[in-house]
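For reference, the structure is listed below as structure tokens.
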Number of protein chains: 4
Amino acid sequence: MSEADERAPRRRQARGERRITQLLQAAATVFCTAGYTASSTNAIAREAGVSPGTLYQFFPNKEAIAVELSGQLLQEMEATYGQVFTPENARLPLDRLIDAVTDPFIEFNKSNPVFLALIKGPDTPGKLAEDHDVLHRSMVDSVIELLAVRSPSMSPAERALVAQMCFTQFKAGLDLVVQQEGEAREPYVRELKSLLYRYLAPLVGTEAVPEAGGGDQSQEQQDRGKQQAKAAPGASLGAH
Amino acid sequence: MSEADERAPRRRQARGERRITQLLQAAATVFCTAGYTASSTNAIAREAGVSPGTLYQFFPNKEAIAVELSGQLLQEMEATYGQVFTPENARLPLDRLIDAVTDPFIEFNKSNPVFLALIKGPDTPGKLAEDHDVLHRSMVDSVIELLAVRSPSMSPAERALVAQMCFTQFKAGLDLVVQQEGEAREPYVRELKSLLYRYLAPLVGTEAVPEAGGGDQSQEQQDRGKQQAKAAPGASLGAH
Amino acid sequence: MSEADERAPRRRQARGERRITQLLQAAATVFCTAGYTASSTNAIAREAGVSPGTLYQFFPNKEAIAVELSGQLLQEMEATYGQVFTPENARLPLDRLIDAVTDPFIEFNKSNPVFLALIKGPDTPGKLAEDHDVLHRSMVDSVIELLAVRSPSMSPAERALVAQMCFTQFKAGLDLVVQQEGEAREPYVRELKSLLYRYLAPLVGTEAVPEAGGGDQSQEQQDRGKQQAKAAPGASLGAH
Amino acid sequence: MSEADERAPRRRQARGERRITQLLQAAATVFCTAGYTASSTNAIAREAGVSPGTLYQFFPNKEAIAVELSGQLLQEMEATYGQVFTPENARLPLDRLIDAVTDPFIEFNKSNPVFLALIKGPDTPGKLAEDHDVLHRSMVDSVIELLAVRSPSMSPAERALVAQMCFTQFKAGLDLVVQQEGEAREPYVRELKSLLYRYLAPLVGTEAVPEAGGGDQSQEQQDRGKQQAKAAPGASLGAH
DNA sequence: TATGAATGAGTGTTCATTCAT
DNA sequence: TATGAATGAACACTCATTCAT
């Protein structure tokens with residue numbers, strides 16, 4: 001009896017998880033086809049082959065679906081490509097760092113185009129706090145950590161600023177990339193990486209950063225300072 | 001008699017044009033509040049204080065409103081800030097060129113925040129061709145012309161690529177800027193300009209470009225070539 | 001002065017008549033294209049190149065347009081084909097009588113296809129009293145007169161019944177005819193005439209009817225009675 | 001368990017089918033009151049006492065309602081009066097054939113006046129293909145089959161022509177009949193039957209047609225040929 | 001748990017008609 | 001006389017969400 005009591009709920013939970021997966025896949029399809037704002041819960045339920053009522057047993061509204069989908073996507077991405085925002089990556093030469101971070105997202109977006117739809121969020125302003133901001137915030141935070149590892153001397157405020165810029169530009173660039181068809185995408189990818197490289201070079205240096213062991217940290221800082229000066233002399237011109 | 005025949009119709013049009021202005025203002029408000037996709041024609045009419053039928057006497061649908069509004073905004077911006085994409089601006093030092101182009105848009109967007117909503121367009125994928133593409137395309141084209149003046153040696157394909165990147169990044173950056181409140185915006189503006197500067201420096205040089213007058217045009221080209229090489233050595237690193 | 005007083009109104013009336021003609025032509029076009037029920041006054045005004053307000057200065061509503069159009073059409077048809085429902089025609093041999101009455105309408109409908117739309121009326125039941133019934137009633141009355149001339153012995157009630165049947169069937173047959181394209185119409189016309197012929201033959205006789213001069217009217221009646229018996233022996237079978 | 005799985009969905013359908021019946025009845029009422037073209041889906045929903053959304057869960061649009069209603073009506077008619085277009089009926093004496101076919105329709109239309117509204121269809125020209133054409137075409141086809149049984153020597157083209165004429169005339173006659181009130185209808189019914197009788201007599205003969213069993217079919221054909229010649233000598237007069 | 005029926009305010013759009021000019 | 005702007009209820013149809021089963 002007690003066994004049955006335990007098993008039944010588990011079965012139900014298992015079924016529930018399957019339903020949720022089903023619904024999230026359907027939501028991904030619909031979001032991609034129609035855009036987030038224009039997607040309807042009825043359409044998602046239909047796509048999932050379940051009734052509207054069933055959908056509302058797992059999600060209280062459309063936003064919750066987007067939030068959950070974002071979480072699942074992020075999780076899936078990590079499972080597929082391993083941790084992207086690792087300290088090891090943070091210390092790579094800049095070009096390799098950019099590859100290490102952007103390639104997985106670009107690749108991932110090819111098989112899960114809903115990823116872009118979610119990080120872009122709805123065109124409705126103000127309403128974005130609840131919803132796709134989960135994804136947004138977590139990714140910006142990851143970039144901030146990356147910066148903290150690579151450039152510990154940078155102020156938290158500047159880190160936040162730079163991280164937001166990076167993520168925003170990557171998002172916009174990815175959007176531009178996926179608007180291209182087939183082979184036309186590659187030049188856009190390269191251009192996006194160039195942009196990030198040139199933007200970051202004077203801020204975080206171009207060369208690999210050795211792990212901050214015992215001593216001599218100041219020297220590393222100095223080195224990187226030089227790199228920066230060399231890498232982008234334009235950065236010393238006024239505001240630029 | 002013939003005078004009256006001519007005057008009478010104009011009076012009607014005057015009232016009509018007043019309504020159109022009213023409706024466009026209402027549309028601007030609604031687009032900003034709700035986003036383009038979620039804005040309804042009925043909401044616009046309500047905001048304008050007219051009946052739905054009245055709206056449809058002047059605009060056949062929502063897209064037409066967006067198109068007209070885009071046109072009016074561009075016109076208004078030009079009236080306020082003058083032509084922005086001029087050959088003279090194209091030949092300025094890069095930092096001043098960027099100021100000359102971005103400042104009016106940023107400034108203008110402060111009093112007309114619908115501008116951003118329009119260039120962002122609906123979040124519906126694929127459907128963007130008809131309406132806000134007017135704005136989009138015209139601005140990208142303007143950037144292409146700017147590049148053509150400043151860097152005639154650049155291939156058309158590259159010009160298109162770079163112009164799209166610039167516009168896309170500016171759009172995204174502006175979005176980021178307006179998400180900030182009050183004084184917090186300024187650092188974002190500066191960062192956006194830095195980004196554009198560093199991105200463009202190796203492509204179009206940082207210094208003023210003399211007008212291609214009588215002699216020695218090839219020499220000027222050479223000079224800029226040198227600038228570029230000096231400005232961003234990182235550009236020679238692999239794909240970056 | 002008194003001249004001016006007289007001329008001005010006349011000019012206005014002349015203009016008015018022109019406007020009315022213009023509007024009626026437009027209405028004819030629209031009725032034919034969209035059907036009566038689906039035709040809108042705005043569409044008629046647009047087709048006529050005038051404003052909705054102008055239309056309502058001449059017609060209080062859509063029905064009034066249909067009524068007036070019916071009148072004009074009837075008038076025009078008479079002007080074109082002469083009086084169709086004449087006592088002379090009534091006395092022709094039946095086949096020639098049918099030709100004399102139906103051919104003008106069929107011909108006329110080729111150049112004025114709105115004719116059919118009007119005699120068919122809207123598919124809305126009950127509302128037809130005011131509107132196209134003018135045309136309908138006047139035509140049924142004409143058929144009744146024809147019968148009265150040709151078969152004075154027929155009771156008024158029977159005349160009414162037969163006239164209505166004739167007109168109804170002609171209307172329906174004409175509808176069938178115009179649904180055919182080009183040369184396919186001719187067989188339908190012939191079939192329609194056959195139908196009318198066979199229907200009427202036992203009722204009004206097939207041969208010419210001499211004018212009812214002084215004497216011998218009863219003889220004529222007898223003759224026609226014989227014709228009928230010969231023409232359609234089936235008519236004596238029960239209800240048929 | 002599997003039983004419950006099967007029963008549950010059926011219960012839902014039961015409620016749904018009740019609603020469908022309700023909606024179709026409401027549609028019948030509205031079509032009769034307002035005519036097909038002027039009937040609105042909202043009005044049907046209102047008449048059925050449900051919300052517009054409910055209607056659209058069962059029917060995608062107005063036409064679908066008409067189609068379904070047509071189907072139900074034909075089915076109901078068959079359930080009430082049995083098959084009407086049977087080979088047995090086709091071989092009856094003409095007067096009894098006409099009774100056998102027309103009486104059920106006339107009778108049925110008394111309790112289901114929407115039947116006429118549906119076979120009349122919208123007054124919009126050209127647009128009639130989709131919806132009520134189901135009814136129209138199926139009935140014309142039935143008449144064609146009747147003719148095929150009764151007069152196998154008739155060419156397919158002629159059968160089609162005659163069937164269309166019969167159906168058209170019956171439709172128009174029925175319309176005329178229902179415009180009359182109470183007892184006034186009977187004479188119109190008789191007149192309509194006379195008309196059909198006289199029209200068809202020379203084409204399909206007036207007498208019963210024995211089934212084409214073993215021998216001597218050609219003789220039967222001959223007999224009917226004679227009947228025809230005798231029945232309507234007018235048929236040999238020119239076009240008539 | 002899952003269904004699918006139900007809702008009712010919402011969408012974009014049209015209409016016959018009126019009214020100020 | 002004629003305009004064209006204005007109306008507001010109506011249209012066909014959709015939506016996120018709820019509820020009885």
Side-chain angles (χ1 to χ4, degrees), chain A residues 8 11-13 15-16 19 38-46 50-63, chain B residues 4-5 7-20 38-45 49-63, chain C residues 8-9 11-13 15-16 19 38-46 50-63 65, chain D residues 4-5 7-20 38-45 49-63:
Chain A
R11 265 190 211 154
R12 273 172 204 166
Q13 279 187 354
R15 255 209 289 177
R19 280 268 184 257
S39 295
S40 80
T41 54
N42 281 357
I44 294 169
R46 208 178 310 128
V50 304
S51 66
T54 300
L55 184 150
Y56 277 87
Q57 261 168 356
F58 297 99
F59 302 100
N61 51 44
K62 195 163 69 167
E63 280 185 32
Chain B
D5 281 356
R7 271 174 201 163
R10 278 185 194 163
R11 266 198 198 161
R12 317 294 152 189
Q13 285 186 356
R15 190 153 56 122
E17 287 200 20
R18 250 182 288 137
R19 277 276 180 251
I20 288 176
S39 296
S40 79
T41 54
N42 281 6
I44 294 169
V50 303
S51 66
T54 299
L55 183 150
Y56 280 89
Q57 281 205 333
F58 300 102
F59 302 101
N61 51 47
K62 194 165 68 166
E63 281 187 27
Chain C
R11 264 191 212 154
R12 273 172 203 166
Q13 281 187 351
R15 256 211 287 179
R19 280 269 185 257
S39 296
S40 80
T41 55
N42 282 357
I44 294 169
R46 206 179 312 129
V50 304
S51 65
T54 300
L55 183 152
Y56 278 87
Q57 262 169 355
F58 297 99
F59 303 100
N61 50 46
K62 195 161 71 165
E63 281 186 30
I65 300 174
Chain D
D5 282 354
R7 273 175 199 163
R10 279 185 192 163
R11 267 196 199 161
R12 318 293 153 189
Q13 285 186 356
R15 193 156 49 125
E17 287 201 19
R18 251 181 289 134
R19 277 278 181 249
I20 288 177
S39 296
S40 78
T41 55
N42 281 5
I44 293 169
V50 302
S51 65
T54 298
L55 183 151
Y56 280 91
Q57 280 205 332
F58 301 102
F59 302 101
N61 50 49
K62 194 165 68 167
E63 281 187 27

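In what follows, every chain begins at residue 1, and chains take the letters A, B, ... in the order their sequences are listed.
Scanning both residues, B:N42 and B:P52, for their nearest heavy atoms gives OD1-CB, 3.7 Å.
Taken to the nearest 0.5 Å, the CZ atom of D:F59 stands 9.0 Å off from the CD1 atom of D:I44. Rounding to the nearest 0.5 angstrom, the gap separating the CD1 atom in B:I20 from the CD atom in B:Q57 is 10.5 Å. From B:E63, atom CD reaches atom OG1 of B:T41 across 12.5 Å, with rounding to the nearest 0.5 Å.
At whole-Å resolution of the value, CZ in A:F59 and P in E:dA2 are 13 Å apart. The nearest whole Å value for the distance from the CG atom in B:L55 to the C1' atom in F:dG8 is 14 Å.
Remark: B:T54 engages B:R19, B:V50, B:S51, B:F58 in a side chain to side chain contact (heavy atoms under 4.5 Å, CB included) (not counting sequence neighbours).
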* Sugar-phosphate or base contact per nucleotide [nucleotides 11-18 of chain E; S, B, -; heavy atom under 4.0 Å] -> BBBBSBBB

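Among the nucleotides E:dG4, F:dA6, E:dT3, the one closest to any side-chain atom of D:R15 is E:dG4.
Checking the phosphate oxygens (OP1, OP2) of E:dG8, no side-chain nitrogen or oxygen of D:S51 falls inside 4.0 Å. For the OP1/OP2 pair of F:dA6 and a distance below 4.0 Å, the side-chain nitrogens and oxygens of B:R19 include at least one atom meeting the criterion.
Helical stems in DNA chain E, defined as runs of 3 or more consecutive Watson-Crick or G-U wobble pairs with both donor-acceptor distances under 3.5 Å, are listed by first residue as E:2-21 with F:2-21.
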